[in-house]
Amino acid sequence: MKYKMLIAVLAIFSTTAYGQWQVSASSGYAVGSAGMKLGERITTTETENSYGSYGEGTNFQLRGTYFFDDSFGFDLGVGYLHGADQDISVVSLPDTEVNAVARARAFGASASVVYKFTNNIYGRFGALLKLGGKTEGVIYQKSVFSEAEAEAFGVPEGSYSETNYKEDFHGHFPLGFVGALGYKYDLDDNLSLFVEAEYYGISLKRKDSEISEFNTDVKLPDGTVAVSGLYTIDNLPEGVNRTTTYVDNLSNTNTDTSKELSQKVPYSSFGLNIGITYKFNKATN
């Protein structure tokens with residue numbers, strides 16, 4: 001028993017004696033990986049699928065790493081993803097125009113094992129977790145009135161309604177994979193620059209959504225506003241729900257339009273990051 005305790009003490013002592021802390025800050029851009037169908041683009045002549053991943057966009061990361069020896073370490077990181085716009089619905093028809101995009105605004109964290117292949121080349125892999133944020137939908141709709149609708153509003157033929165709204169989608173907390181391969185260049189004993197290729201493998205299951213902004217105006221053919229705020233966030237049109245809950249099962253007799261079947265949306269990506277690392281002096285006994 002004493003022998004085992006001595007081994008444990010020596011292991012802790014060794015880690016303390018040779019351990020080293022470092023902190024890193026980086027930014028980069030990622031393109032979508034394993035893209036899935038997100039929506040459609042519709043014209044008078046064809047309908048085209050829109051594929052992508054909400055993982056595409058600019059990211060910012062802060063990481064802290066502890067090396068147990070000259071090769072192995074453990075890394076904890078937090079980051080923010082400012083996602084690029086993804087087409088959800090793009091419609092271009094004579095009487096209808098829709099431009100609906102969605103983009104990620106997400107915070108995440110990672111826990112990884114780091115291995116130095118050489119003094120300059122390293123790799124890391126581990127678990128990825130989404131901490132918070134949203135997928136933000138931004139929707140524009142233009143609908144030209146029929147003759148009967150124009151008469152009902154007392155506006156000339158060719159008038160139209162113009163709707164702008166935002167809807168925030170939230171998901172269940174997912175668990176994914178992160179892997180990276182990087183190269184660092186030492187500026188001095190403490191500072192170094194690095195560049196790394198990084199992969200995120202993660203998807204998000206929808207939980208709920210909420211409309212955060214909504215406005216519909218009636219406009220004349222020349223664009224002049226005839227009726228401002230026909231519908232607002234406090235006066236939504238019939239059939240539009242302010243909140244929606246996503247579930248795994250719906251009865252065939254369900255009449256609650258605020259409930260919809262859930263789906264998984266992709267956040268996977270390949271990215272390139274550039275950053276700076278500050279390395280603290282090695283711990284000594």
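The figures that follow rest on heavy atoms only: side chains count, while hydrogens, waters and symmetry mates do not.
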Classify the ring geometry between F68 and Y66 as parallel (under 30°), tilted (30 to 60°) or perpendicular (over 60°).
perpendicular
Could you point out which residue of L204, L38, I202 forms a side chain to side chain contact (heavy atoms under 4.5 Å, CB included) with P266?
L38
Decide, yes or no, whether a salt bridge links E213 with R242 under the criterion of side-chain N to carboxylate O below 4.0 Å.
no
Any carboxylate oxygen within less than 4.0 angstrom of a Lys/Arg side-chain nitrogen, looking at E162 and K219?
yes
Using modelled atom types and a 3.5 Å cut-off, is there a donor and acceptor pairing between side-chain atoms of T118 and backbone atoms of I121?
yes
State whether K259 and D208 are salt-bridged, where the test is any N-O pair (Lys NZ or Arg NE/NH1/NH2 against Asp/Glu carboxylate O) under 4.0 Å.
no
Within 45° cone of Y160 ring axis and under 6.0 Å: K142 NZ or CZ:
yes
Assess R103 against Y54: is NZ or CZ under 6.0 Å from the centre of the six-membered ring, and within 45 degrees of the ring's axis?
no
Between Y246 and S209, is there a side-chain heavy-atom distance shorter than 4.5 Å?
yes
Pair W21 + F280: ring centers closer than 6.0 Å:
no
With heavy-atom distances below 4.5 Å as the criterion, would you say the side chains of Y51 and N49 are in contact?
yes
Does F117 have its ring centroid less than 6.0 Å away from the ring centroid of Y115?
yes
Verdict with supporting geometry, F153 and F145, ring-ring contact (aromatic ring centres under 6.0 Å, His included):
CA-CA 9 Å; F153 281 105; F145 292 138; 5.0 Å; yes
List the residues meeting ring pair (Phe, Tyr, Trp, His ring centres under 6.0 Å) with F270, not counting sequence neighbours, and say none if there are none.
Y199
For a 4.5 angstrom cut-off between non-hydrogen side-chain atoms, does E157 reach E149?
no
Measure the shortest side-chain to side-chain distance between L81 and S269 over non-hydrogen atoms and say whether it is less than 4.5 angstrom.
no
Going by side chain to side chain donor-acceptor pair (under 3.5 Å), name the residues that satisfy it together with T253, two or more places apart in sequence or in a different chain.
S251
Between F214 and T163, is there a side-chain heavy-atom distance shorter than 4.5 Å?
yes
Any salt bridge between R124 and E198, counting N to O under 4.0 Å?
yes
List the steps, then state whether side chain to side chain donor-acceptor pair (under 3.5 Å) holds for T65 with D75.
CA-CA 4 Å; T65 309; D75 180 284; 2.7 Å; yes
Contacts of K279 that satisfy salt bridge (charged side-chain N to carboxylate O under 4.0 Å, His left out) - sequence neighbours left out:
none
What I'd like to find out is whether the side chain of K116 reaches to under 4.5 Å of the side chain of D69, using heavy atoms alone.
no
Tell me, please, which residues at least two apart from N119 pass side chain to side chain donor-acceptor pair (under 3.5 Å).
none
If you take all heavy atoms of Y267 and T135, which pair is closest and at what distance?
OH-OG1, 2.5 Å
So do the side chains of I211 and V240 get within less than 4.5 Å of each other, counting heavy atoms only?
yes
Whether the side chain of N164 engages the backbone of Y140 through a donor-acceptor N/O pair (distance < 3.5 Å, no angle test) should be reported.
no
Within a strict 4.5 Å, meaning less than it, do heavy atoms of the Y80 and Q61 side chains meet?
no
Take K37 and E48, measure what salt bridge (charged side-chain N to carboxylate O under 4.0 Å, His left out) needs, and give me the verdict at the end.
CA-CA 10 Å; K37 179 181 175 180; E48 176 190 6; over 6 Å; no
Solution key, residues 223-233 side-chain donor-acceptor pairs under 3.5 Å, sequence neighbours excluded:
residue	atom	partner	partner atom	Å
T224	OG1	D222	OD1	2.9
T224	OG1	D222	OD2	3.3
T232	OG1	D234	N	3.4
T232	OG1	N235	N	3.4

Could you walk me through whether K166 and D168 pass salt bridge (charged side-chain N to carboxylate O under 4.0 Å, His left out), step by step?
CA-CA 7 Å; K166 291 183 179 181; D168 298 333; over 6 Å; no
For the pair E97 and Q141, evaluate side-chain contact (heavy atoms from CB on, under 4.5 Å) and give the outcome as yes or no after the intermediate values.
CA-CA 6 Å; E97 183 179 337; Q141 296 177 336; over 6 Å; no
Heavy-atom closest pair (A127 atom, V178 atom, distance to 0.1 Å) is O-CG1, 3.9 Å
Going from OG on S50 to CZ on R41, what distance comes out if it is rounded to the nearest 0.5 angstrom?
4.0 Å
Quick one: do S33 and S268 satisfy side chain to side chain donor-acceptor pair (under 3.5 Å)? Show the steps, please.
CA-CA 5 Å; S33 167; S268 297; 5.4 Å; no
Hey, what else clusters with V138 if you join Ile, Leu, Val, Met, Phe, Trp, Tyr whenever side-chain heavy atoms sit under 4.5 Å?
V101
